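Model, not experiment: these values are computed from the prediction.
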Amino acid sequence: MTRMKSIGAAFAAVLLSSVAAHAGDVRIMWYSDGGEGAVIKDLLSRFSKANPDVNVILDEVSYDVVKEQLPVQLEAGKGPDIARLTNLKAPAQHWLDLRPYLADAKYWDDNFGAQADWMRPDGSNAITGFMTQLTLTGGFANKTLFEQAGVEIPGPKATWDDWAAAAKKVADSQKVFAMAIDRSGHRVSGPNISYGANYIAADGKPAPIDQGAKDFLSRFVKWNEDGTINKDVWVSAAGTTYRSAAEDFINGGLAYLYSGSWQVPGFAQKIGDNFDWVMTGSPCGTVACTGMQGGAGLVAIKYTKNPKDVAKVMDYLASADVQKEFAERSLFIPAHKGVASGQLDFKTDNPHVKAALKAFVEASGQTAAPAMKLPGWKWSDAYYSAIVARISQVIAGEMKLDDAYARIDEDIKAKVAGN
């Protein structure tokens, strides 16, 4: 009998996903940023009805479970059959090459080829999965708070310094926090690159942290110290743990949030008409005004016992009709080339959401060249993790900034040496 389960408890999901699948079972580890979990459940229920010989089991977990626990399972040669995650390149040796099992590999090359290198080993032509959506980092302003404070929202070429000054005026007037940036090395990398940072050395290995990165990170630390940025976002978690500042924005307690396009569906659900908000693009540094492209990918795991069934599920989820419906209902920018080039009818009456999605598409054209290289670079996550861990220690008063730069370089060298 066909079944498609959703398990709410993270611990249970991790435990289950590490159990070897039985014949006909396809277990999917899935995390959600907004309401996409309900959409994928609905889409998979249709697959299950049409394919009673394949038993799809959806384990819904938190992002932290995917980030912290899945790598441990993979190193042990275990895990789910399919997983949704954002760190796609570094663990690519664990992904299954679907090419021999797919109904039409050319269809995948044509429609998902642009991001295929993001999720396969260097030099390979493997098809390991597809991006469930494309994302771009960017800022969100609480328009209502700016208006109430009588502060003009900075324009499209405004710098990070301009935004910090304007948000601080709003904060002082409205008794809220001025700014916050998600606790993520990925999130501060766009600003770093806007000031001239380049993480990749000539030989393709990680370069030492450079002056461009230091120019922004020194600002970031200063803003945390003087109260411009809500420092709790970066000091309330340990190690490399991700923490979003989205809830502070949703609750109306934040003038400016730097996060990304994946927040739009959640804002649509949770903010409603409580206040007006706008997507503002990425503030400028001295050399660029760039965000970071990326997204979540759905990949097949090579330790599966059922590669043909996994490919059948992946073929279904990658089909144009399913991709279009998933994007429209989830309010995501589709990665499917054919779908993205056609007409999309996003399922929302919220004018803020439609404007934000349009603005993110426009802002993607400003992505700087160094930022474009990072999604497919093997050492991106090592760089991001080192920045988060050490800069958090500086903000917490546990380390001097110059010492943190040295430790970031040491952490990355150790990661490279261990692989």
*asked:* Please check this pair: side chain of Trp377 against backbone of Gly204, looking for a donor-acceptor N/O pair closer than 3.5 Å.
replied: yes
*Find out whether Tyr316 and Leu43 are in side-chain contact, i.e. whether some heavy atom of one side chain is under 4.5 Å from a heavy atom of the other.*
yes
*Smallest separation among heavy atoms of Gln323 and His336, with atom names*: OE1-CB, 3.8 Å
_Parallel, tilted or perpendicular, judged at 30° and 60°: which one describes the rings of Trp163 and Phe146?_
perpendicular
*asked:* Check this for me: Gln211, atom CD, are more than 12 non-hydrogen atoms of other residues, nucleotides or ligands nearer than 6.0 Å?
replied: yes
*Drop me the distance from Asp64's CG to Lys67's NZ, to the nearest 0.5 angstrom.*
8.5 Å
*How many angstroms lie between atom OG1 of Thr135 and atom CG of Asp33, to the nearest 0.5 angstrom?*
8.5 Å
*Looking only at atom types and distance, does a side-chain atom of Ser330 sit under 3.5 Å from a main-chain N or O of Ala327, one as donor and one as acceptor?*
no
*Using modelled atom types only, decide if a donor and an acceptor are shared between the side chain of Tyr107 and the backbone of Ala318 within a distance under 3.5 Å.*
yes
*Between the side chain of Asp97 and the main-chain N/O of Ile127, is any donor-acceptor distance below 3.5 Å?*
yes
*Any side-chain heavy-atom pair of Asn192 and Ile387 under 4.5 Å*: yes
_Could you tell me if the side chain of Leu74 sits less than 4.5 Å from the side chain of Trp95, heavy atoms only?_
yes
*Apply the test side-chain contact (heavy atoms from CB on, under 4.5 Å) to residues Asp315 and Trp108: give CA-CA distance (whole Å), side-chain angles for both, the deciding distance (0.1 Å), then the verdict.*
CA-CA 9 Å; Asp315 262 332; Trp108 283 70; 3.0 Å; yes
*Between Tyr384 and Thr240, do the side chains contain an N or O donor and an N or O acceptor separated by less than 3.5 Å?*
no
*Measure across Val278 and Lys143 and return the closest heavy-atom pair with its distance rounded to 0.1 Å.*
CG1-CD, 4.2 Å
_Is the shortest side-chain heavy-atom distance between Phe346 and Val353 below 4.5 Å?_
no
*With a 4.5 Å heavy-atom cut-off, do Ser244 and Gln263 have their side chains touching?*
yes
_Counting only heavy atoms not in Lys415 (residues, nucleotides, ligands), do more than 12 fall under 6.0 Å from its NZ?_
no
*Using a 4.5 Å cut-off on heavy atoms from C-beta on, say whether the side chain of Trp30 contacts that of Leu298.*
yes
*Should Trp234 and Val188 be marked as a side-chain contact (heavy atoms from CB on, under 4.5 Å) after you check the CA-CA gap, both sets of side-chain angles, and the distance that decides it?*
CA-CA 12 Å; Trp234 277 61; Val188 297; 3.8 Å; yes
*Could you give the distance from CD1 (Ile40) to CG (Asp42), rounded to the nearest 0.5 Å?*
9.5 Å
*Report the residues that fulfil salt bridge (charged side-chain N to carboxylate O under 4.0 Å, His left out) with Lys358, sequence neighbours left out, ordered by chain and then residue number.*
Glu362
*Backbone N or O of Lys169 within a donor-acceptor pair of the Asp172 side chain at under 3.5 Å?*
no
*Taking atom CG of Leu254 and atom CD of Gln174, what is their separation to the nearest 0.5 Å?*
13.0 Å
_Polar side chain donor-acceptor pair, Tyr199 to Ser380, under 3.5 angstrom_ = no
_Donor-acceptor pair, side chain of Arg183 and main chain of Thr241, under 3.5 angstrom_ = yes
*Mind checking whether Val313 and Phe47 have side chains closer than 4.5 Å, heavy atoms only?*
yes
_Under a 3.5 Å cutoff, is there a donor and acceptor pairing between the side chains of Thr228 and Asp226?_
yes
_Treating Lys89 as the side-chain partner and Asp117 as the backbone partner, does any N or O pair qualify as donor plus acceptor under 3.5 Å?_
yes
_If only side-chain N and O atoms count, and only distance matters, is there a donor-acceptor pair under 3.5 Å linking Asp162 with Thr159?_
yes
*Spatial distance of atom CZ (Arg407) from atom CZ (Arg390) [nearest 0.5 Å]*: 4.0 Å
*Between Tyr405 (side chain) and Pro208 (backbone), is there a donor-acceptor pair under 3.5 Å?*
no
*Examine the side chains of Thr132 and Glu36 and answer whether a donor and an acceptor come within less than 3.5 Å of each other.*
no
*Applying side-chain contact (heavy atoms from CB on, under 4.5 Å), run through Thr290 and Ser282 and close with a yes or a no.*
CA-CA 6 Å; Thr290 189; Ser282 286; 5.8 Å; no
*Work out which heavy atom in Val310 is nearest to a heavy atom in Val26; give both atom names and the distance.*
N-CG2, 4.0 Å
*Is Trp223 close to Asp161 at the side-chain level, that is, under 4.5 Å between some pair of heavy atoms?*
yes
*Is a donor on one side and an acceptor on the other found under 3.5 Å between the side chain of Glu328 and the backbone of Asp345?*
yes
*Please report the closest heavy-atom contact between Pro375 and Ala371, naming both atoms and the distance.*
CD-O, 3.3 Å
*What class does the angle between the rings of Phe267 and Trp277 fall in, given that below 30° is parallel, 30 to 60° is tilted and above 60° is perpendicular?*
perpendicular
*asked:* For Phe249, run the ring-ring contact (aromatic ring centres under 6.0 Å, His included) check against Phe275, Phe177, Tyr256 and tell me which one passes.
replied: Phe275
*Taking it one step at a time, do Val233 and Ile181 satisfy side-chain contact (heavy atoms from CB on, under 4.5 Å)?*
CA-CA 8 Å; Val233 175; Ile181 300 178; over 6 Å; no
*Reported CZ-to-NZ distance for the pair Arg329 and Lys324, which is rounded to 0.5 angstrom*: 12.5 Å
_CG/Asp104: more than 12 non-hydrogen atoms of other groups inside 6.0 Å_ = yes
_Using every non-hydrogen atom in the two residues, find where Trp160 and Pro283 come nearest and quote the distance to one decimal._
NE1-O, 3.5 Å
_Heavy-atom closest contact (Leu257 atom, Ala246 atom, distance)_ = CD2-CA, 3.9 Å
*Report yes or no: does Thr128 contribute a side-chain atom to a donor-acceptor pair with the main-chain N or O of Met119 at less than 3.5 Å?*
yes
